[in-house]
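The structure that follows is given in the form of structure tokens.
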Amino acid sequence: MNRKGERIMRNKKFAPLLLMALAVALTACGAENSRGSGSVTEAQVRESAALSETAWEKDGELQEEEGQQKPETRIVTDVWNRQVEIPCEVNSIICLGSMAPRFAAYLDVVDRMVGAEDSDIKQMSVRYDYSPVYHDRLKELPSVGPGGGSGENNGYAEQIIGLSPDVILAGFDEAGAEELQRQTGIPVVSVRYRTQGFLDEGFYRAMRVFAETVGAQERCEEVLAYADACREDLAERVKDVKDEEKQKAYTGAVTFNGRHGFGFTYVNFPAFTAVNGKNVADELLESRTGDAAKAAAETGKAYIGNDGFEVDLEQIIRWDPDIIFLDPGNMDLVNDEYRNNPDFFQSLRAVREGKLYTMPSTNAAGPNITYLLINAYYAGIVLYPDQFADVVLEEKAGEIMEQMLGADFFQEMEEGGLYYGTIAIGG
């Protein structure tokens, strides 16, 4: 029997004695107050006994609680299903690798970071959506790693040990997280995330793991509720568009683990998925990502597939998309390809008709969720002009940035090379 149960049994043993004592006391009170209501009833005695027993019980519980020490640690389960023991209160953190610094920004806990990666310290870069908002703070922090999104452990173990954070949150694979934890003796919680479509369950899970670790659940649910509202709005706008009415779209020169030329594309492309667009590359979806998606579903671990890949140029000719989107940051590569093979590009109807549009990169050490949302609305504007006629991209982008990161930096985004509009090949 536990301590609380023993205490309750003691109280029950003393209850008859308590009743007798109360009866005597209350009868005496009744005698002294004979001008009042008269003698004390048995019901009054029992009621007073119950109240006293309740008070006794509560007092016992209070004394027990005051005597107890709060637990010093708790367990969180990361995206690899690792059980990680962390302090109950997390006041200082280090964020490494894919997504971790970004999640800290979305959850408004950057002020708890006691170190930063070189990629965040050296310069402000719009490639990282949080950088325009938080660079001034991050640049003042000591270096704890080079940055990057490979998933492998690249943290500076000695520097991290010296800073002694409560927890390390890392976008590392399972082996990388375990290795850094052994090296530092500091708990490492992995929040590794790679997109599979638009705002998939992996995103929600990784965000909630981070939020649980740092105690930012309320802010997390605010962010996710806003993301849900955007997703629902996008889906509602296109729900009545028939497949035969949709334009075929291709996205090329996609930045994914580095810069690429025209033939590098993406299945499950988030901006197209968000508006149920007709992505010509999705006919290869199962062959490209099926095994990885099934493995993630079966194990409950993070998705580690590779949605980006190089496609044969002849395949693009066969697809002959109506509209082509290209990453403006890789247009130098595309223009070099055009000069070497102009006949290929001129064979594409979208090129001949000038239906070429920018699609700013969303990936830099993981996906920028802010940019994913903006790109989805931009894809809607281009692919479904009637359904998105009321959307002013700059205004919507500003709203998204405010909700996710607390500031509108759309102008800085475009000035940094991530801009929206038509584009020409061969210029």
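We number each residue from 1, following the sequence as shown. Note that the structure is a prediction, hence the values are computed from the model and not measured.
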### Message
Taking D332 first and then R259, would you say they form a salt bridge - that is, a charged N and a carboxylate O separated by under 4.0 Å?
### Response
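A salt bridge is present here (some side-chain N lies under 4.0 Å from a carboxylate O).
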#### Entry: Steps toward side-chain hydrogen bond (donor to acceptor under 3.5 Å, both in side chains) verdict (Y134, D120)
CA-CA 9 Å; Y134 286 104; D120 287 329; over 6 Å; no
### Query
Got a sec, which pairs hit salt bridge (Lys or Arg N to Asp or Glu O under 4.0 Å) with one end in residues 138-150, sequence neighbours left out?
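Found D136-K139.
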## Note on the structure
Note: Q247 and L383 closest approach over all heavy atoms is NE2-O, 3.5 Å
### Query
Taking the six-membered ring for Trp, are the ring centroids of Y250 and F262 within less than 6.0 Å of each other?
yes
### Query
Is the backbone of L199 close enough, under 3.5 Å, to the side chain of R231 for a donor and an acceptor to pair up by distance?
yes
### Closest approach of R102 to Y128 (non-hydrogen atoms, all atoms of both residues)
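The pair with the smallest heavy-atom distance is NH2-CD2, 3.6 Å.
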### Message
Is it true that, when you exclude Q217 itself, more than 12 heavy atoms of the residues, nucleotides or ligands shown sit nearer than 6.0 Å to its CD?
### Response
yes
#### Entry: E89 CD: over 12 foreign heavy atoms closer than 6.0 Å
no
### Message
Does any part of the side chain of V126, heavy atoms only, come nearer than 4.5 Å to the side chain of F409, both counted from C-beta?
### Response
no
### Task
Give the intermediate values and the outcome of side-chain hydrogen bond (donor to acceptor under 3.5 Å, both in side chains) for residues N363 and Y371.
CA-CA 9 Å; N363 284 308; Y371 297 165; over 6 Å; no
### Query
Under the 3.5 angstrom rule, does the side chain of D312 hit a backbone N or O of E314 as a donor-acceptor pair?
yes
### Message
Less than 6.0 angstrom from the centroid, inside 45 degrees of the normal: does R237 satisfy that with respect to the ring of F388?
### Response
yes
### Query
Can a salt bridge be assigned to the pair E179 and R182 using a cut-off of 4.0 Å between side-chain N and carboxylate O?
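No, this pair does not count.
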### Message
Among I374, L372, L373, exactly one meets side-chain contact (heavy atoms from CB on, under 4.5 Å) together with T370. Which residue is that?
### Response
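Considering I374, L372, L373, a side-chain contact (heavy atoms from CB on, under 4.5 Å) with T370 is found only for I374.
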